[in-house]
Protein chains: 2
Amino acid sequence: MNTPKRRNTIQKKLVLDAVQSLKNHPTAEEVYRYILMTYKNISKGTVYRNLNMLVAEDVIKKVMVVDGADRFDHTITNHNHVKCENCGKVYDISSEAGDLEEKITSQDTEFLRKSGFTVSGYKIIFTGICPNCIKKCQ
Amino acid sequence: MNTPKRRNTIQKKLVLDAVQSLKNHPTAEEVYRYILMTYKNISKGTVYRNLNMLVAEDVIKKVMVVDGADRFDHTITNHNHVKCENCGKVYDISSEAGDLEEKITSQDTEFLRKSGFTVSGYKIIFTGICPNCIKKCQ
DNA sequence: GTGCGTGCAAACCGTTTGCAATCGG
DNA sequence: CCGATTGCAAACGGTTTGCACGCAC
């Protein structure tokens, strides 16, 4: 088996705590700045390393964003995202995701399998304007 | 109106030709190297500038990829993509995209609108292993 | 004590940009 | 001839990495 021995360092805990506290899909930079407020000595490299570790361990998820820095999600359950084109914030679509899921996986992946692909998953992101920005822009 | 005066330069034509010849969603780097074969004096900056221009003019499209360099698509009609996790190539899903389209837009965007979002679009990409790589890996 | 994880800084990759020179209209 | 577009190189943002040290086990 390949279970690399992992250590429980303070830094790793701080990174996980940060992602869980900053609920809105923070970037590595945001995680870094958040930790800095309480632990002045952390390095950005360590933040990146731990974020990647936590993703590899399936503790957090990397959210696909169209452009800009990667974002991280403390929720591991399947759901999709909307990115506001105005403020850049990324929101969850907690809703009827399940229904959508089935339709996507049953339909398009079936076509792919017929073409000889092995399908392992998909990523989807919506774009639009969030309620907050709509108010402001009126 | 803001219709910036565009010029028809050799470089712009070369970039468009390259994207249309390299059908498999080339990266800017690949476009650059392709042009270099016949026109030794082009600069990478110019390739990027022209790719972005052509995207802005709706002549080509930028394909969303999970990670790695941006890719460009000579096909402007709506369709989705699969990225092979083994070789990294991006393939078209020409198929029943239309059907899927409706289901996605009707269902998830409706939920978003109820939540107060204005939805402008979405991007989806599938991941898997392509037929070629399946053969090789056996 | 062993070696994984750290801090630091340099390197990396893909992309954009400032500038003077060029060339399309 | 005007100014949009070029080539070049430097700078950019986000991320990874090499190294010596330090800390978890």
Side-chain angles (χ1 to χ4, degrees), chain A residues 1-19 22 25-36 38-57 59-73 83 88 90, chain B residues 1-19 22 25-36 38-57 59-73 83 88 90:
Chain A
M1 294 280 301
N2 49 359
T3 313
K5 307 169 194 169
R6 291 270 153 84
R7 289 189 185 172
N8 295 324
T9 63
I10 323 141
Q11 290 88 344
K12 184 170 184 180
K13 185 171 189 329
L14 286 168
V15 169
L16 179 54
D17 283 358
V19 176
L22 294 164
H25 316 92
T27 61
E29 176 71 30
E30 284 164 354
V31 169
Y32 173 64
R33 286 206 302 265
Y34 180 86
I35 297 173
L36 266 192
T38 61
Y39 188 87
K40 67 233 151 290
N41 206 36
I42 201 162
S43 96
K44 207 177 277 190
T46 297
V47 171
Y48 276 100
R49 274 186 287 235
N50 277 306
L51 285 171
N52 289 337
M53 265 186 162
L54 289 165
V55 169
E57 293 169 10
V59 179
I60 64 177
K61 275 171 75 177
K62 200 178 270 197
V63 179
M64 181 191 60
V65 203
V66 189
D67 39 30
D70 287 347
R71 289 171 174 278
F72 297 88
D73 197 339
K83 183 176 187 184
V90 175
Chain B
M1 293 281 300
N2 48 359
T3 312
K5 308 171 197 168
R6 293 267 152 85
R7 289 187 185 177
N8 294 324
T9 64
I10 323 142
Q11 290 88 344
K12 185 170 183 180
K13 185 171 189 327
L14 286 168
V15 169
L16 179 53
D17 283 357
V19 176
L22 294 164
H25 317 91
T27 61
E29 178 70 30
E30 285 163 352
V31 169
Y32 173 65
R33 286 206 303 264
Y34 181 87
I35 297 174
L36 266 193
T38 61
Y39 188 88
K40 67 232 153 294
N41 206 36
I42 200 161
S43 95
K44 207 176 277 190
T46 298
V47 170
Y48 276 101
R49 274 186 288 233
N50 278 305
L51 284 171
N52 288 337
M53 267 186 161
L54 290 165
V55 169
E57 294 168 10
V59 179
I60 63 176
K61 276 172 75 177
K62 200 178 269 195
V63 179
M64 180 193 60
V65 203
V66 187
D67 39 28
D70 288 346
R71 289 171 175 275
F72 297 89
D73 197 339
K83 184 178 188 182
V90 175

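If you're wondering where the values come from, they're calculated on a predicted model, not measured in any experiment.
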Between [N] atom [atom2] and [X] atom [atom1], what is the distance in whole Å?
{"X": "L51(B)", "N": "dG14(C)", "atom1": "CG", "atom2": "P", "value": "14 Å"}
{"X": "E29(B)", "N": "dT15(C)", "atom1": "CD", "atom2": "P", "value": "9 Å"}
{"X": "D67(A)", "N": "dG14(D)", "atom1": "CG", "atom2": "P", "value": "11 Å"}
{"X": "N8(B)", "N": "dT6(D)", "atom1": "CG", "atom2": "P", "value": "11 Å"}
{"X": "K13(A)", "N": "dG5(C)", "atom1": "NZ", "atom2": "C1'", "value": "17 Å"}
{"X": "D70(B)", "N": "dT15(C)", "atom1": "CG", "atom2": "P", "value": "4 Å"}
{"X": "L14(B)", "N": "dG24(C)", "atom1": "CG", "atom2": "P", "value": "12 Å"}
{"X": "R6(B)", "N": "dT5(D)", "atom1": "CZ", "atom2": "P", "value": "6 Å"}

Strictly below 4.0 Å: does [X] bring a side-chain N or O up to OP1 or OP2 of [N]?
{"X": "N50(B)", "N": "dT6(D)", "result": "yes"}
{"X": "N52(A)", "N": "dT16(D)", "result": "yes"}
{"X": "T9(B)", "N": "dT6(D)", "result": "yes"}
{"X": "Y48(B)", "N": "dT15(C)", "result": "yes"}

(request) Considering non-hydrogen atoms only, spot the tightest contact between V19(B) and D73(B) and give its length. (result)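 What the structure gives for the nearest pair is CG1-C, 4.2 Å.
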
Tell me, do [X] and [Y] make a side-chain contact under 4.5 Å, heavy atoms counted?
{"X": "E29(A)", "Y": "K44(A)", "result": "yes"}
{"X": "F72(A)", "Y": "K62(A)", "result": "yes"}
{"X": "L16(A)", "Y": "I60(A)", "result": "yes"}

(request) Between G68(B) and I10(B), just flag the one whose closest nucleotide in DNA chain C comes earlier from the 5' side. (result)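 In this pair, the answer is G68(B).
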
(request) Determine, for K83(B) against D67(B), whether the closest basic-nitrogen to carboxylate-oxygen distance falls under 4.0 angstrom. (result)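 A salt bridge is present here (some side-chain N lies under 4.0 Å from a carboxylate O).
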
(message) Between D17(A) and K12(A), does any side-chain N to carboxylate O distance fall below 4.0 Å?
(response)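 Result for this pair is no, no salt bridge flagged.
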
(message) Rounded to the nearest 0.5 Å, what separates atom CD1 in I10(B) from atom NZ in K13(B)?
(response)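 Reported value, rounded in 0.5 Å steps: 11.0 Å.
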
Tabulated below should be each protein N or O lying under 3.5 Å from an N or O of nucleotides 7-10 of chain C; please produce it.
{"residue": "dG7(C)", "atom": "OP1", "partner": "Q11(A)", "partner atom": "NE2", "Å": "3.2"}
{"residue": "dG7(C)", "atom": "OP1", "partner": "N41(A)", "partner atom": "O", "Å": "3.1"}
{"residue": "dG7(C)", "atom": "OP2", "partner": "S43(A)", "partner atom": "N", "Å": "3.2"}
{"residue": "dG7(C)", "atom": "OP2", "partner": "T46(A)", "partner atom": "OG1", "Å": "2.8"}
{"residue": "dG7(C)", "atom": "N7", "partner": "R49(A)", "partner atom": "NH2", "Å": "3.0"}
{"residue": "dG7(C)", "atom": "O6", "partner": "R49(A)", "partner atom": "NH2", "Å": "3.4"}

(request) Between dG25(C), dT15(D), dC25(D), spot the one nearest the side chain of R7(B), thanks. (result)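 For the R7(B) side chain, the nearest candidate turns out to be dG25(C).
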
